[in-house]
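One structure below.
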Amino acid sequence: MRGNENGRDGLFLLDGGGTEIWKENRTTKGWLTIIEPVSGWDDGPLDYILAYRRGGGVTPALYDGEMRPAVTFPMDGYVVHADLLGTGLEQVVIYNRETAAIYSSRELGLAAKPGARPLPQSKRLYSSTLYPGGEVKL
């Protein structure tokens, strides 16, 4: 059964003390936004907020800490992100039943490097869940 398709969710950001920094005034319908932090999208020191499954015609995007879209991706679908090439930069993969597209902050070569080995992957990449926030390490 699908959720309430007439609902509205919205992004918001709190500081370390729980004070609201900003809150999205969502005007389109949608009720299942998934967000994840993305580190290493570009050479800058800051993380981005990846938001997807927004509904209402809102495609996946990377937002900065001021809620400005740094990148708005041209297609909708399921989303994963990882450093696929061992460059230290993360790529975003958006896929649906027909296609998968890989996006990067810049063009990267796909040629295999001599002595290349499989990259270690975090549990987030090999264990699928609807709750991608990660694990608490005790």
Under the ring-ring contact (aromatic ring centres under 6.0 Å, His included) test, which residues partner Tyr63, sequence neighbours left out?
none

Ser39: which residues meet the side chain to side chain contact (heavy atoms under 4.5 Å, CB included) condition with it, sequence neighbours left out?
Asp47

Return the set of residues passing side-chain hydrogen bond (donor to acceptor under 3.5 Å, both in side chains) with Arg117 (not counting sequence neighbours), or none when no residue passes.
none

The side-chain hydrogen bond (donor to acceptor under 3.5 Å, both in side chains) partners of Asn25 (sequence neighbours excluded) come to none

For Pro60, run the side chain to side chain contact (heavy atoms under 4.5 Å, CB included) check against Val71, Val79, Ile34 and tell me which one passes.
Val79

Glu107: side chain to side chain contact (heavy atoms under 4.5 Å, CB included) partners, not counting sequence neighbours:
none

Heavy-atom closest contact (Ala51 atom, Thr33 atom, distance):
CB-CG2, 4.2 Å

Among residues at least two apart in sequence or on other chains, which ones pass side chain to side chain contact (heavy atoms under 4.5 Å, CB included) with Thr99?
Met75, Asn96

Within one Ile-Leu-Val-Met-Phe-Trp-Tyr cluster: Ile49 and Leu46, side-chain cutoff 4.5 Å
no

How long is the straight-line distance from CG of Leu119 back to CG of Leu85, given to the nearest 0.5 Å?
8.0 Å

Side chain to side chain donor-acceptor pair (under 3.5 Å) contacts in which one or both residues fall within residues 68-80, not counting sequence neighbours
Asp64-Arg68

Among Arg54, Glu24, Lys29, Arg53, find the residue that satisfies the side chain to side chain contact (heavy atoms under 4.5 Å, CB included) test when tested with Asp9.
Arg54

Mind listing the side-chain donor-acceptor pairs of residues 10-22 below 3.5 Å, one per line with the distance, residues two or more places apart or on another chain?
residue : atom : partner : partner atom : Å
Asp15   : OD1  : Gly17   : N            : 2.9
Asp15   : OD1  : Gly18   : N            : 3.0
Asp15   : OD1  : Thr19   : N            : 2.9
Trp22   : NE1  : Gly65   : O            : 2.7

Specify the closest pair of heavy atoms between Gly77 and Tyr52, including all atoms of both residues, with the distance to one decimal.
O-CD1, 4.4 Å

Identify the heavy atoms of Met67 and Lys23 that sit nearest to each other, and give their distance.
SD-C, 4.3 Å

Just jot down the salt bridge (Lys or Arg N to Asp or Glu O under 4.0 Å) partners of Arg97, sequence neighbours excluded, or say none.
none

Counting distance only, does the side-chain N/O of Ser105 pair as donor-acceptor with the main-chain N or O of Trp41 below 3.5 Å?
yes

Residue set satisfying side-chain hydrogen bond (donor to acceptor under 3.5 Å, both in side chains) with Thr87, at least two apart, ordered chain then number -> none

Kindly work out whether a path of hydrophobic side-chain contacts (I/L/V/M/F/W/Y, heavy atoms less than 4.5 Å apart) joins Val58 to Leu62.
no

Mind checking side chain to side chain contact (heavy atoms under 4.5 Å, CB included) for Val80 and listing every partner two or more places apart, or none if nothing turns up?
Val93, Tyr95

Look at the side chain of Thr59 and the backbone N and O of Pro74, then say whether any donor-acceptor pair between them is shorter than 3.5 Å.
no

Cluster check Leu84, Val38: I/L/V/M/F/W/Y, side chain < 4.5 angstrom:
no

Residues in side-chain hydrogen bond (donor to acceptor under 3.5 Å, both in side chains) contact with Asp83, at least two apart in sequence or another chain
none

